[in-house]
S.K.: 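Quick one: the structure is below, questions incoming.
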Amino acid sequence: MANVKVAALVASIKNAPGIHYKNPRFPLNVKLPDNLECGTSIYLHGCVAAEPTRFAINLKNAETDANNYLHFNPRFDEGCVVRNSRLDEAWGDEERDGDMPFAPGQPFLIKITPTVDAYEVEVNGSPFISYNHRDGMPLCDVTHIAMWGDITLYGIHVPLNSLPIPMVLRIPKNTFYGDMLVFTGEVPSGADRFHVNFQCGAKEDADIMYHFNPRFPDNAIVCNNRCADSWGDEQSVEGSPIAPGDRIVGCIVAAKEGFIPFVNGNPLPTFPHRLDVCAACSVVIDGDIKLESVTIDCPPVRFPAHIPDIDIDAFDDKTVQALRATTPVTMALPGGFGPGKGVFVSGKVADSPSRFEINLLYGDSDMDIALHFNPRWEPGNELVMNSREGGTWGEEVREENPIAAGSEVAVHILCLDDRYVLIVDGDEVAVFPYRMDCSQVTNVSVDGSITVHRMLGM
């Protein structure tokens with residue numbers, strides 16, 4: 001079993017107020033919510049490939065044609081981590097001292113914290129290096145982060161006590177079906193309106209694929225689009241579920257049939273796509289709202305080394321998913337199952353949970369369960385795994401429960417040649433040898449003390 005230390009470290013920051021990218025598409029090139037400041041930490045959670053050569057993290061001052069203020073470059077082929085900067089297309093002197101803190105196939109959490117004099121870098125909770133700012137490259141000019149290489153990136157987290165309004169975020173490689181925007185905050189007393197836009201660029205005159213606009217004096221939520229400076233026909237929801245002074249947890253799903261908004265867990269009418277959803281490259285939030293956190297949650301297309309990555313351009317043809325589903329929920333796997341396939345479930349565990357379960361089923365009943373994945377908090381804190389054939393349970397396998405009450409969790413169930421591999425928040429926590437023919441699995445079900453955000457079969 002892998003060391004679960006990384007998941008424990010990530011648990012403390014992935015729900016913190018601030019900016020979060022979950023499963024960002026890779027290679028990555030996104031704008032930070034504001035220029036980097038002293039003490040603003042960036043957390044990067046991922047897993048090294050099984051046979052890596054190198055990967056890199058770059059802090060830059062633009063999306064393209066940029067100066068590189070920190071180039072952090074683990075090179076497994078050379079056994080070192082190279083640090084450098086590039087100013088006006090000229091690289092400086094490399095720094096290579098220090099051990100290699102990354103291992104093939106193992107998860108990691110990198111923390112980069114700028115100070116007045118340097119970038120302080122921690123790996124898996126331990127100090128690693130201090131990289132002094134180079135001449136002519138002030139910290140305040142850093143606006144973007146880019147990454148590439150032989151890793152799976154699970155998340156980028158930038159904890160912040162306050163978020164700017166307007167908030168403008170780059171969507172990694174534009175919007176795809178299944179993307180979710182989640183924002184939390186408070187509508188101030190006396191608020192008039194605010195809006196959330198999925199739009200083609202950050203400029204004020206950009207085309208808007210989806211405009212979500214609560215208007216408090218009208219007690220309504222108006223949804224619309226804008227193309228070539230011309231607004232479409234408004235779609236109005238009368239009787240707004242939020243009012244000035246309320247807290248809000250908003251979610252907007254870019255589903256195949258249209259944009260689906262949720263307010264405090266409750267779905268509102270779908271807004272059918274009028275423009276190409278894949279043209280939306282930016283999210284803009286502005287108006288009368290005090291933001292606490294904003295998360296761009298993409299469906300995972302890059303997986304641990306156990307199964308192949310999915311071509312993002314063919315994602316919709318190769319996967320099936322349920323978004324913001326109400327438990328209990330059962331999803332068919334029409335593409336079949338077997339070695340090289342997998343299931344992904346993400347969601348939020350209840351604050352006072354009893355247990356939840358993820359089942360790989362023969363058919364849509366629970367008489368034949370090829371894998372029963374069952375975290376339990378009562379009566380003991382255990383992860384129970386089992387199978388059920390013809391209504392009869394097999395012998396239980398028990399491990400320590402790696403999932404915390406009240407946490408957001410991501411579970412991969414990967415199907416190999418002879419076993420299932422269970423990965424929780426990037427850490428391999430258990431294996432379960434086959435007892436039944438995995439190719440006969442047709443459905444996945446989830447029930448219990450969890451609010452499901454996403455179910456994905458691939």
Side-chain angles (χ1 to χ4, degrees), residues 17-21 30-37 40 63 143-144 158-172 174-175 179-237 240-254 258-264 268 271 273-275 277 279-297:
I19 300 298
H20 305 273
Y21 287 94
V30 296
K31 188 180 185 303
L32 295 166
D34 211 341
N35 287 27
L36 205 57
E37 297 179 353
T40 301
E63 186 167 340
T143 58
H144 287 69
V158 186
L160 296 167
N161 292 326
S162 63
L163 297 180
I165 291 290
M167 166 64 69
V168 180
L169 289 178
R170 180 75 163 86
I171 303 170
N174 295 18
T175 303
D179 284 359
M180 292 188 286
L181 171 73
V182 182
F183 58 95
T184 65
E186 181 178 326
V187 179
S189 177
D192 179 61
R193 63 180 65 186
F194 72 87
H195 65 255
V196 181
N197 292 343
F198 281 72
Q199 59 187 58
C200 184
K203 295 182 179 179
E204 290 187 4
D205 61 352
D207 286 352
I208 300 174
M209 288 69 208
Y210 180 58
H211 174 71
F212 176 82
N213 181 208
R215 300 178 182 178
F216 301 109
D218 299 332
N219 191 31
I221 295 178
V222 172
C223 300
N224 208 341
N225 77 294
R226 186 179 69 191
C227 182
D229 291 327
S230 178
W231 286 100
D233 294 331
E234 291 183 347
Q235 176 178 300
S236 183
V237 178
S240 175
I242 50 173
D246 289 350
R247 285 190 50 77
I248 180 172
V249 178
C251 176
I252 298 173
V253 177
F259 288 99
I260 306 174
F262 293 74
V263 174
N264 295 337
L268 300 178
F271 183 83
H273 296 302
R274 298 175 179 175
L275 302 172
V277 66
C281 61
S282 297
V283 167
V284 177
I285 304 176
D286 199 2
D288 299 325
I289 184 171
K290 182 180 180 181
L291 288 173
E292 293 178 2
S293 67
V294 179
T295 300
I296 294 178
D297 184 354

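Residue numbers count from 1 along this sequence.
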S.K.: Applying side chain to side chain donor-acceptor pair (under 3.5 Å), name anything that partners Glu37, two or more places apart in sequence or on another chain.
M.R.: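 Per chain and number, Glu37 pairs via side chain to side chain donor-acceptor pair (under 3.5 Å) with no residue.
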S.K.: Got more than 12 heavy atoms from elsewhere within 6.0 Å of NZ, Lys31?
M.R.: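 More than 12 within 6.0 Å, yes.
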S.K.: Would you tabulate the side-chain donor-acceptor contacts of residues 202-210 under 3.5 Å, counting partners in other chains and residues two or more places apart, or write 'none'?
M.R.:
residue : atom : partner : partner atom : Å
Asp207  : OD1  : Ala228  : N            : 2.9

S.K.: Hey, are the side chains of Phe198 and Asp179 touching, using non-hydrogen atoms and a 4.5 Å cut-off?
M.R.: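 Heavy-atom side-chain distance check fails, nothing below 4.5 Å.
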S.K.: Scan the side chains in residues 162-171 for donor-acceptor partners under 3.5 Å anywhere in the protein, sequence neighbours excluded, and list what turns up.
M.R.:
residue : atom : partner : partner atom : Å
Arg170  : NH1  : Asn174  : OD1          : 3.1
Arg170  : NH1  : Cys281  : O            : 3.4

S.K.: Which heavy-atom pair separates Ala220 from Ser240 by the least distance, and what is that distance?
M.R.: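 That would be N-CB, 3.9 Å.
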S.K.: Answer with yes or no whether the side chains of Asn264 and Arg247 bring together a donor and an acceptor at under 3.5 Å.
M.R.: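 No, Asn264 and Arg247 have no side-chain donor paired with an acceptor closer than 3.5 Å.
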S.K.: Below 3.5 Å, can you tabulate the donor-acceptor pairs from side chains in residues 186-194 to any protein atom, sequence neighbours excluded?
M.R.:
none

S.K.: To check you understand the geometry: which heavy-atom pair defines the closest contact between Asn225 and Phe271, and what is its length?
M.R.: N-CZ, 3.9 Å
S.K.: Taking only residues two or more places apart in sequence, or in another chain, which ones meet Pro172 in a side-chain contact (heavy atoms from CB on, under 4.5 Å)?
M.R.: Tyr21, Pro24, Arg25, Leu28, Val30, Ile296
S.K.: At their closest point, which heavy atom of Ile221 faces which heavy atom of Pro241, and how far apart are they?
M.R.: CD1-CD, 3.7 Å
S.K.: Test of understanding: with salt bridge (charged side-chain N to carboxylate O under 4.0 Å, His left out), list the residues that count as partners of Arg215, not counting sequence neighbours.
M.R.: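 Once residues adjacent in sequence are excluded, the partners of Arg215 under the salt bridge (charged side-chain N to carboxylate O under 4.0 Å, His left out) criterion are Glu234.
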S.K.: Closest approach of Leu275 and Arg226, non-hydrogen atoms and distance?
M.R.: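 Answer, listing the atom of Leu275 first, then Arg226: CD1-O, 3.8 Å.
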